[in-house]
Amino acid sequence: MPIRNADIAAILEEIADLLEIDGANVFRIRAYHNAARILKELGQDVRTMVEKGEDLTRLPGIGADLAGKIKEIVDTGRCKVLDDLHKRLPPAIVELLRIPGLGPKRVRVLYRELGIQTLEQLRRAVREHRIRSLPGFGEKTEMHIADALEAHGGGVGRYTRVAADQYAAPLLDYLNTVPGIDKVVIAGSYRRAKETVGDLDILATGSSEGLVMQRFVEYDDVEEILSQGPTRASVLLRGGLQVDFRVVPKESYGAALHYFTGSKAHNIAIRRLGQERGLKINEYGVFRGDKRVAGDTEESVFASVGLPFIPAELREDQGEIEAAKAGYLPKLVELSDLKGDLHAHTKASDGHNTILEMAQAAKSHGLQYLAITEHSRRLTVAHGLDPVRLLKQIDEIDKLNETLDGIVLLKGIEVDILEDGSLDLPDDVLGRLDIVVGAVHSRFGLSRIKQTERILRAMDRPYFNILAHPSGRLIGRREPYEVDMSRIIRKAKERGCFLELNANPERLDLVDSHCRMAREEGVLVSLNSDAHSILDFRNLRYAVGQARRGWLEPGDVLNTRSLKELRPLLCGTR
DNA sequence: GCCGTTTTCGGCCCGACTGTTTTCAGTCG
């Protein structure tokens, strides 16, 4: 089993965690965490880079030492530093760090004083009240640990954006009625359009802070108050979502929004830039000595370090600061740029609405064209279409188009890519369509090579236009299938076909790093709803968010084209 | 452990809240 970026990152994380417990230099620890993050977010395969002899120290945050350790991990699957740490500290001990309220210092005390190295041993010690007498611990801390152990493994993970929206919307409505609150906005990873969020970070500006905070924690849906001060509070909502709420004075809005939006790595990089200029940047503003020089708006914060405004979705310390410095920030795609949708279902397969209803809904979302792409026959559970039914639908769409105004329907199919890479419908049928979307719906467990070859063969078929949901993942439910995305992107370039970014909030593949790879190769990405009902066109905003995280401009997106511009692009594979 | 329009050494983002402490460490974001 070849080692992946995530595997290497996990080893580096474990080293960092153990170093922390061991009491190592905090900056050394940070370097390991940082390197792990870089590898996880890297769009390309580190193993391949190592095998090609590429210079890893060109990656920001990777120096000669870490480059050597990464190479060691790629070559041997292990790392001597980690092996050495395991001689001093039990491997399971890093699990204790996952308990909220337990950091490296306390974990070390637990281990040194009581020999605790597993969650089970910690549970027993809590039951026997042996924690409270430890130095730095007390009765309350012991109770908090007991609660945290109770909650641990309770399945509180990350929330998809659509799930978070269901909590956020009513909470924002409520906060907007609270006297003393001027502005309320969601910051954090939600604002950066991450595909999942661990919590909601809400920022408000206002004056009477204490009162505002009181009203926040009195919100109906609050189940537990985790902490509460005059400017900051954290609560758990019913259902488990954590909300962090922060109130700052009006003039600090920009600085606070920037700080609270993150990411952490981006903030550190920006604050470091400030430092170089003799500035101190915190959530209240930008300061030169005691003098406040910026912070009303985010623009003013960026300007203070000589940068233009950086859109929230780019703030990952993934090159956006360098791009901003050089004047190469992308002008990111927006929802209003989309002119059509190239993947939708109707009652004919597994959708819930008629073709006409879908057309009208698409039009009401400002779209000018909509491709009807039912499943093909192989997908029997979805009532996939055989040639006869598909030809019938083609006639139906032709007739409908004669009556429709302001929206054009494209005749399409979401054809199954079979295990051998052939398509589920014959070429002479596919040739009668405006658009062919291909997708993998079976045999997710193929090896990376077989899965990749299967998809590449399908892309080589005539009429193949778009590879739908290219990784097949369902966030939190199904891992992506093993596939070499860089080869697929190169094949798309070679064949003149396109990759879908599926707007279903549980799919959202392509992921951001693959969007960037496609952009760099010059392969257009299609932002498709995969709508199964008239309600699903709303999901297009999630695809736009992901596309923006992937640095995509309107020109990088297939369906920002007018129908007239689109048609010749769909003939590229014929 | 990384990094360099003053640096190859000496820095490394910054503040809020909690609990245990009697002046602050630990944790978190």
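The figures that follow rest on heavy atoms only: side chains count, while hydrogens, waters and symmetry mates do not. A, B, ... follow the sequence lines: proteins, then strands. Residue 1 opens every chain.
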Of the listed B:dA16, B:dG1, B:dG29, the closest approach to the A:K69 side chain comes from B:dG1
On the nucleotide B:dG19, are OP1 or OP2 found under 4.0 Å from the side-chain N or O atoms that A:H144 carries? yes
Tell which nucleotide pairs with B:dC3, taking only Watson-Crick or G-U wobble pairs whose two distances are both under 3.5 angstrom. B:dG10
Ring of A:Y284, cation from A:R292 - is the NZ or CZ under 6.0 Å from the centre and inside 45° of the axis? no
Is there a side-chain contact between A:R232 and the phosphate of B:dC17, meaning an N or O under 4.0 Å from OP1 or OP2? no
Describe the nucleic acid contact of A:N267 in one word from base, sugar-phosphate, nothing, applying a heavy-atom distance below 4.0 Å. nothing
Between B:dC13, B:dG15, B:dC17, which one does the side chain of A:T231 approach most closely? B:dC17
Ion pair check, A:R4 and A:D45, cut-off under 4.0 Å: no
Counting just side-chain N and O atoms, does A:T141 come under 4.0 Å of either OP1 or OP2 of B:dT20? yes
Selection from B:dC14, B:dT18, B:dC12 that lies nearest to any side-chain heavy atom of A:K280: B:dC14
Base, sugar-phosphate, or nothing for A:E139, non-hydrogen atoms under 4.0 angstrom? sugar-phosphate
Using a heavy-atom cut-off of under 4.0 Å over every strand shown, decide if A:I270 touches base, sugar-phosphate, or nothing. nothing
Candidate nucleotides B:dA16, B:dC2, B:dC12, ranked by approach to the side chain of A:N25 - the nearest: B:dC12
Taking only side-chain N and O atoms of A:Q275, does any of them lie within less than 4.0 angstrom of OP1 or OP2 on B:dC14? yes
May I ask you to verify if any side-chain N or O of A:R30 is less than 4.0 angstrom from the OP1 or OP2 atom of B:dC13? yes
Could you tell me whether A:D290 and A:K280 make a salt bridge, using a distance below 4.0 angstrom between a side-chain N and a carboxylate O? no
So, OP1 or OP2 of B:dG29: does either fall under 4.0 Å of a side-chain N or O from A:K264? no
Residue pair A:G136/A:N282 against DNA chain B: nearer the 5' end by closest nucleotide is A:N282
Specify the glycosidic conformation (syn or anti) of B:dT7, with syn defined as within 90° of 0. syn
Within 45° of the ring axis of A:F245 and under 6.0 Å from its six-membered ring centre, is that where the NZ or CZ of A:R232 lies? no
Which nucleotide wins on minimum distance to the side chain of A:R271, given the candidates B:dG19, B:dT27, B:dC14? B:dC14
